[in-house]
Every structure is written in C-alpha cells, then in structure tokens.
Amino acid sequence: MRGEKMKAYVGTFMKKSGEVRTMTFMKVDDVPEGILPEAKGGKRPKLQEGMELVWDVENSAYRMFNHKTVVGKLEVVEVNLTQTQKQGV
C-alpha cells in the first residue's frame, strides 16, 4: 500500500465557530480497506444537508466537511498513502 496514489480533495470551508479551515480529505467510500480504523459498531449518523463524513488525510481521522460553507471550489488531488496513515496512526 505504500506509495499508492489515491484521489482526494482539498477544500476550504467555514466552521461553525466562523474559523476558516482547509482540509485534504477522501470520501469515506473511496478509502481502501485497511486505512480506516475498525468501526466500533453502530450506523453512520444521519447528517444535516450539506454535511459529509470524510477521512482527513493529514490528521488520519474522521471529520465532517460542510459543503454549504465552501470557500471557492474543491480541488481534486492525488495523495500517497503511507504506513503512518494506516489505522489512524
């Protein structure tokens, strides 16, 4: 899996606090098996319109991306998955 290039997105959005945040993320359904931490049971939460559960590539964690407060446009990029991104390490 080391060095494998995967499609990701870079997007800037405004958080509830008013802070602007830029995040590099992958859509959860696009993340290959073995990268995401094991689920702890339960279902995916029902999300408000415009919200999407994503995998934050830089922080190796689930995050919410708010499409309603996007600043500019999403950029499609390729990211290299490394062993440090495996299992949220």
Side-chain angles (χ1 to χ4, degrees):
M1 188 171 316
R2 173 166 278 170
E4 182 179 346
K5 291 190 177 197
M6 300 294 302
K7 178 176 161 181
Y9 303 86
V10 176
T12 301
F13 64 100
M14 187 169 300
K15 296 169 53 170
K16 282 185 184 178
S17 67
E19 178 185 349
V20 175
R21 177 164 190 252
T22 298
M23 177 170 44
T24 301
F25 66 91
M26 296 176 73
K27 295 179 182 239
V28 172
D29 291 338
D30 292 343
V31 179
E33 236 176 86
I35 296 295
L36 297 177
E38 292 296 319
K40 302 224 189 296
K43 299 178 182 176
R44 286 191 186 176
K46 185 170 181 161
L47 304 175
Q48 293 179 2
E49 186 179 335
M51 299 297 283
E52 180 180 11
L53 179 66
V54 298
W55 183 252
D56 183 332
V57 173
E58 295 166 339
N59 294 302
S60 296
Y62 290 105
R63 297 283 191 256
M64 298 301 294
F65 189 86
N66 188 345
H67 289 278
K68 285 187 162 185
T69 62
V70 169
V71 177
K73 295 184 178 186
L74 291 179
E75 178 183 355
V76 178
V77 297
E78 283 189 339
V79 294
N80 286 318
L81 299 179
T82 65
Q83 292 299 340
T84 59
Q85 292 167 313
K86 187 172 182 178
Q87 297 297 326
V89 175

**Report entry** For K7, side-chain hydrogen bond (donor to acceptor under 3.5 Å, both in side chains) partners two or more places apart
**Finding:**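 Residues passing side-chain hydrogen bond (donor to acceptor under 3.5 Å, both in side chains) with K7: Y9.
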Requested in this report: May I ask whether L74 and V10 are part of the same hydrophobic cluster, defined by side-chain heavy atoms of I, L, V, M, F, W, Y residues being less than 4.5 angstrom apart, directly or through others?
Outcome: no
Query raised in the report: Would a hydrophobic clustering, with Ile, Leu, Val, Met, Phe, Trp and Tyr connected at side-chain separations under 4.5 Å, put M6 with Y62?
Result: yes
Query - Atom of A8, atom of T24 and distance for their closest heavy-atom approach - result: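 Reported closest heavy-atom pair: CB-CG2, 4.4 Å.
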Query raised in the report: Backbone N or O of A61 within a donor-acceptor pair of the N59 side chain at under 3.5 Å?
Result: no
Side chain to side chain contact (heavy atoms under 4.5 Å, CB included) partners for [X], two or more places apart:
X   : result
E78 : K5
V20 : T12, M14
K15 : F13, S17, E19, R21

Requested in this report: Taking the side chain as every heavy atom from C-beta outward, state whether D56 and F65 have any pair of such atoms under 4.5 Å apart.
Outcome: no
**Report entry** Validation row: E58, M23 side chains within 4.5 angstrom (heavy atoms)
**Finding:** no
Listed pairs under 3.5 Å, donor-acceptor, residues 47-54 side chains, sequence neighbours left out:
unit_1, atom_1, unit_2, atom_2, d
E52, OE1, H67, NE2, 2.6

Query raised in the report: Is the distance between the ring centroids of F25 and W55 less than 6.0 Å?
Result: no
